[in-house]
Amino acid sequence: MNVGDALPPLEIEVTRTLIVAGALASRDYQDVHHDPEAARRKGSPDIFMNILTTNGLVGRYLTDHFGPTAVLRKVAVRLGAPNYPGDTLVLRGRVEAVDGETAVVRVTGDNGIGRHVSGTVTVTVPAGGAR
Amino acid sequence: MGDDDGLDDDLHARLKGYEGRPSTVAGAGRDPVNAPMIRHWCEVLGDTNPAYTGPGATAPPTMLQAWIMAGLSPHTGRARPYEELLALLDEAGCTSIVATDCEQEYLRPLRPGDEVTYDSVIESVSPRKTTKLGTGYFVTTRTDVRVGPDLVGTHRFRVLKYAPARRPAKPPERRPRPVVNRDNAGFWEGVRDHRLLLQRCADCAGLRFPWLPGCADCGCPDWDTVDACGEGTVFSYVVLHHPPFPAFEPPYAIGLVELAEGVRMVSNVVGVPYDKVRIGMPVRLEFRRYDDELVLPVFKGVTA
């Protein structure tokens with residue numbers, strides 16, 4: 001785990017099912033995450049992924065890479081281009097800082113229309129836990 | 001996104017007055033942290049981390065907010081200042097909401113059985129901003145999540161509360177344009193003048209339709225035109241139910257019409273219900289305007 005290390009990218013198919021199921025799994029019943037007509041009335045061309053799902057995917061991306069002993073300390077994300085059905089989200093990460101067993105990883109997620117998410121994750125990886 | 005004329009934005013001044021005031025007081029999670037919700041979450045996100053299953057399982061830290069979502073039930077502990085802030089925004093037309101930022105810090109893992117409580121404060125309200133979705137205000141709240149007396153996580157959340165931008169209504173779909181070329185330009189000029197012109201061979205005097213550069217019978221390239229009188233009969237027809245094409249509304253009847261002059265042409269049979277069209281039905285030519293550019297010859301069913 002060194003500064004500058006790149007995590008292998010993770011591709012997520014943004015299906016309508018993922019958007020709706022993610023909204024429900026996070027108890028987010030805002031209509032823009034499941035009702036296309038309502039989404040259009042609110043200025044969006046279609047339903048789009050909610051922030052909790054994106055947050056969860058970013059967390060998964062980090063723990064998938066660093067393994068089950070990794071502990072997330074902090075996740076900070078900002079959303080940009082929405083994740084609409086049919087798109088593909090590609091998460092990428094790079095270690096930005098390391099302090100002992102704790103690293104700060106800069107994460108970006110791009111989809112077909114631009115940068116969906118950018119943020120940082122602080123993760124502690126006990127010695128021997130990192131791949 | 002850009003700053004609007006924030007200088008004389010009285011609403012922003014009023015909204016700013018809510019900064020530092022509570023948005024939730026003594027809120028309580030709807031359910032204790034529990035294995036089924038964790039499992040659903042992991043299943044949806046494709047998260048196979050073994051730390052989230054089995055004895056000693058912890059919840060994915062990023063579920064922090066899921067434990068405090070009101071869902072479809074009324075919010076518990078929502079504080080009056082936050083209700084007022086949202087009401088002011090609603091009154092100003094900012095009726096829609098979308099989350100833009102989430103910053104979470106996890107102080108200790110949550111485990112099944114943990115019962116979370118939370119308090120939130122309104123941290124800031126931005127000046128009026130215009131985004132692709134519409135114009136509104138970014139509202140940032142910070143939530144402290146506890147189990148018993150212990151702080152287990154903090155959650156800073158930013159939403160855009162906005163008035164949806166009006167999307168221009170989709171223009172009505174237009175019928176496909178005819179392909180006009182040197183061989184058939186005369187026909188379309190005739191249609192423009194509400195004339196249905198047939199070609200007549202200069203040599204054998206055979207009438208033909210559709211337009212062709214030469215006579216299919218005698219090969220003569222020379223021709224002139226005659227006006228169709230407009231009378232005809234349905235030689236054959238189909239009714240289209242499916243698939244629906246843009247600008248067409250199924251079901252509708254398409255006839256192969258034999259004109260009084262003897263040639264046949266395909267067009268819509270109109271003026272009679274689609275299921276009343278029959279072979280042999282007399283029809284009469286008319287010209288129908290479909291949009292500011294397109295006029296087409298169609299055949300109106302003549303019922304006894």
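Keep in mind it's a predicted model, so treat the numbers as computed, not measured. Proteins come first, then strands; the chains are lettered A, B, ... in the order of their sequence lines, and each starts at number 1.
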Taking every heavy-atom pair that is under 4.5 Å apart, which of [options] has the most such pairs with chain B?
{"options": "A:V58, A:T17, A:D28, A:V32", "result": "A:D28"}
{"options": "A:L79, A:N50, A:L57, A:I51", "result": "A:I51"}
{"options": "A:H33, A:K74, A:R60", "result": "A:R60"}
{"options": "A:G22, A:S26, A:G59, A:P82", "result": "A:S26"}

Is it true that [X] and [Y] make a salt bridge, defined as a side-chain N closer than 4.0 Å to a carboxylate O?
{"X": "A:D46", "Y": "A:R40", "result": "no"}
{"X": "B:D291", "Y": "B:R289", "result": "no"}
{"X": "B:E83", "Y": "B:R80", "result": "no"}

What part of [X] lies closer than 4.5 angstrom to a heavy atom of chain A: side chain, backbone, both or neither?
{"X": "B:D47", "result": "both"}
{"X": "B:R156", "result": "neither"}
{"X": "B:A70", "result": "backbone"}
{"X": "B:R158", "result": "side chain"}
{"X": "B:P60", "result": "neither"}

Options [options], ranked by heavy-atom pairs under 4.5 Å with chain A, top entry:
{"options": "B:Q104, B:H40, B:Q65", "answer": "B:Q104"}
{"options": "B:W41, B:Y52, B:Y162, B:W67", "answer": "B:W41"}
{"options": "B:P109, B:A99, B:A51", "answer": "B:A99"}

Less than 4.5 Å to any heavy atom of chain B: does that hold for the side chain of A:L52, its backbone, both, or neither? both
Which bit of A:Y61 comes within less than 4.5 Å of chain B, counting heavy atoms only: side chain, backbone, both or neither? neither
Check the side chains of [Y] and [X] for a donor-acceptor pair under 3.5 angstrom, ignoring hydrogens and angles.
{"X": "A:E13", "Y": "A:T88", "value": "yes"}
{"X": "B:E84", "Y": "B:Y82", "value": "no"}
{"X": "B:T130", "Y": "B:T135", "value": "yes"}
{"X": "A:T54", "Y": "A:N83", "value": "no"}
{"X": "A:T124", "Y": "A:R73", "value": "yes"}

Plane angle bin for B:H241 and B:Y274 - parallel if under 30°, tilted between 30 and 60°, otherwise perpendicular: perpendicular
